[in-house]
Amino acid sequence: MLRGYNAAGAGMIAQQRYQDTLSNNMSNALTPGFKSDRSTLRAFPEMLIRAYDSQNIPTQNNLKLPNNHRVGAINTGVYMQEDTPLFKQGDVRETGFSTDLALVNGEMPDENGFNFYMIQNEDGDVRYTRNGNFTVDSEGYLTTSDGHYVLDADENRIQTGTEEFQVTENGQVISPFDTTLLGIAYHPNANDLVKEGNNLFRNEGAAVQDAHTTAGVNFRVEQGQLERSNVDPEQVMTEMMRSYRLFEINQQVVKTYDQSMDIAANQVGRIN
């Protein structure tokens, strides 16, 4: 009985965590360049069960055991294994602001390859983002809305001195202060990137390459436009309702087991 109780409880925890992921996706539906998370649910490892008087454990490869020894396997529940970002191009919309830059992917040499802007965080480390909602700070540097510096192809800060600058389709930044090449990184397997907050990613996998010089990588930069989030609000709402129903079902199973254990503990065997 306790096995079923624990399995239903594990299902409730998994659906609750899935709801957290869906809620985060929905709250970032309007965040430029945001990549939605996908949750992976996985069953706990199976437990093999055998009869008490048997010295052999029944498996799929051991089908010659007597029927009274062949008990089989049992699952102990489900858990949410991980969240992985969905690296899919979001829609592009026009804003008219010179500091807004949309990075549009073309053909890639790798199936999971993806392009990113290069950003310097508060610790001076290089990070990657798809959010092109930039601005110019008081010192004339091009930064993100959170104040992180935008880097050029040589990982130097870009100083435009003013918001009146131009960006070509190949990422060349032309301003009265300087002319440089926008830092655009190409990762051959974007699934190796880990979300770090503030729409930034850090790399924990293969080496990041320069999208300007990597063979087969195609992109264009569109000034005055922004890449929207790739979250589909209607799909997320549908998944939230489905997850809530599954949570309720597991909750009812837990209540049923609780009532059964109450009867077993307090009523079965009672002498009137």
- Message: Taking the basic N atoms (NZ, or NE/NH1/NH2) and the acidic carboxylate oxygens, is any pair closer than 4.0 Å for Lys195 and Asp83?
- Response: no

- Query: Just how far is it from atom CG of Asn131 to atom CG of Leu103, taken to the nearest 0.5 Å?
  - Reply: 11.5 Å

- Task: Answer yes or no: are there more than 12 heavy-atom neighbours, outside Arg202 itself, under 6.0 Å from its atom CZ?
- Result: yes

- Where do Thr31 and Ser229 come nearest, in terms of heavy atoms and distance? O-CB, 3.3 Å

- Message: I'd like to check Ser39 versus Arg17 (side-chain heavy atoms, cut-off strictly below 4.5 Å). Are they in contact?
- Response: no

- Test Thr143 against Asp137 for side-chain hydrogen bond (donor to acceptor under 3.5 Å, both in side chains), laying out the working first. CA-CA 7 Å; Thr143 68; Asp137 67 7; 5.3 Å; no

- Item | Pair Asp37-Asn25, side-chain contact (heavy atoms from CB on, under 4.5 Å): steps then yes or no | CA-CA 7 Å; Asp37 286 320; Asn25 287 341; 3.9 Å; yes

- Item | Closest non-hydrogen atom pair between Gln223 and Gln166, with its separation | OE1-CA, 3.5 Å

- Message: Checking the side chain of Asp100 only, and the main-chain atoms of Gly96 only, is there a donor and an acceptor separated by less than 3.5 Å?
- Response: no

- Query: Are Tyr128 and Leu151 co-members of a hydrophobic cluster defined by side-chain heavy atoms under 4.5 Å apart?
  - Reply: yes

- Applying the 4.5 Å side-chain criterion to the ILVMFWY set and letting contacts propagate, would Tyr18 and Val78 be lumped into a single cluster? yes

- Is the side chain of Asp123 donor-acceptor paired with the backbone N or O of Asp125 at a distance under 3.5 Å, no angle test? no

- Task: Examine Leu181 and Phe116 and state if one hydrophobic cluster contains both, with Ile, Leu, Val, Met, Phe, Trp and Tyr joined whenever side-chain heavy atoms are less than 4.5 Å apart.
- Result: no

- Message: Tell me which pairs pass ring-ring contact (aromatic ring centres under 6.0 Å, His included) where either residue lies in residues 139-171, with sequence neighbours left out.
- Response: Tyr141-Tyr149

- Looking at side-chain heavy atoms only, is the closest gap between Thr40 and Arg38 below 4.5 Å? no

- Item | Inter-residue atom distance Leu226.CG - Asn133.CG, 0.5 Å rounding | 5.0 Å

- Task: Answer yes or no: does atom CG of Leu30 have more than 12 heavy-atom neighbours from other residues, nucleotides or ligands under 6.0 Å?
- Result: no

- Query: Can you name the nearest heavy-atom pair linking Arg130 to Asn115, along with the distance?
  - Reply: NH1-O, 2.6 Å

- Could you walk me through whether Thr144 and Asp146 pass side-chain hydrogen bond (donor to acceptor under 3.5 Å, both in side chains), step by step? CA-CA 5 Å; Thr144 68; Asp146 297 307; 4.7 Å; no

- Message: Val150 vs Leu182, test: side-chain contact (heavy atoms from CB on, under 4.5 Å). Steps then yes/no.
- Response: CA-CA 8 Å; Val150 181; Leu182 189 65; 3.8 Å; yes

- Query: Taking atom CE of Met80 and atom CD of Gln19, what is their separation to the nearest 0.5 Å?
  - Reply: 11.0 Å

- Message: Less than 4.5 Å apart, side chain to side chain, heavy atoms only: is that true for Met26 and Met237?
- Response: yes

- Item | Listed partners of Asp152 passing salt bridge (charged side-chain N to carboxylate O under 4.0 Å, His left out), at least two apart | none

- Query: If we only count heavy atoms from C-beta on, is the Val221 to Ile184 side-chain gap below 4.5 Å?
  - Reply: yes

- Note on the structure: Closest non-hydrogen contact found for Met108 with Asn218 is CE-O, 4.1 Å

- Determine, using the 4.5 Å side-chain heavy-atom cutoff (strictly less than), whether Met240 and Leu41 are members of one ILVMFWY cluster. yes

- Message: Apply side-chain contact (heavy atoms from CB on, under 4.5 Å) to residues Asn230 and Gln89 and explain how you reach the verdict.
- Response: CA-CA 7 Å; Asn230 66 359; Gln89 177 81 50; over 6 Å; no

- Query: Side-chain contact, heavy-atom cut-off 4.5 Å: Asp192 with Glu204?
  - Reply: no

- Item | Where Ala102 and Glu227 come nearest, the two heavy atoms and their spacing | CB-N, 3.8 Å

- Is the centre of the Tyr186 ring less than 6.0 Å from the centre of the Phe219 ring? no

- Query: Quick one: CG on Leu142 to OH on Tyr117, what's the gap to the nearest 0.5 Å?
  - Reply: 10.0 Å

- Note on the structure: Output for pair (Glu239 CD, Gln235 CD), nearest 0.5 Å, gives 6.0 Å

- Task: Determine whether Thr168 and Ile174 make a side-chain contact, defined as any pair of heavy atoms from C-beta on separated by less than 4.5 Å.
- Result: yes

- What are the two closest non-hydrogen atoms of Glu164 and Pro176, and how far apart are they? O-CD, 3.7 Å

- Does atom CZ of Phe247 have more than 12 heavy-atom neighbours from other groups under 6.0 Å away? yes

- Message: Check for me, please, whether Val217 and Met118 land in the same ILVMFWY cluster - side-chain distances under 4.5 Å, paths through other members count.
- Response: no

- Message: Is the distance from the ring center of Phe201 to that of Phe87 below 6.0 Å?
- Response: yes

- Message: If you apply the rule side-chain contact (heavy atoms from CB on, under 4.5 Å), what do you find for Phe34 with Asn24, and how did you get there?
- Response: CA-CA 11 Å; Phe34 179 81; Asn24 182 62; 4.0 Å; yes

- Message: Please determine whether the number of non-hydrogen atoms from other residues, nucleotides or ligands lying under 6.0 Å from atom CD of Glu82 exceeds 12.
- Response: yes

- Output the distance between atom CG (Asn203) and atom NE2 (His187), rounded to the nearest 0.5 Å. 3.5 Å

- Neighbour count >12 (heavy atoms, 6.0 Å) for atom CD, Glu111: no

- Query: Does the side chain of Ser175 reach to within under 4.5 Å of the side chain of Gln159, using non-hydrogen atoms?
  - Reply: no

- Does a side chain donor of either Ser98 or Glu163 reach within less than 3.5 Å of an acceptor in the other side chain? no

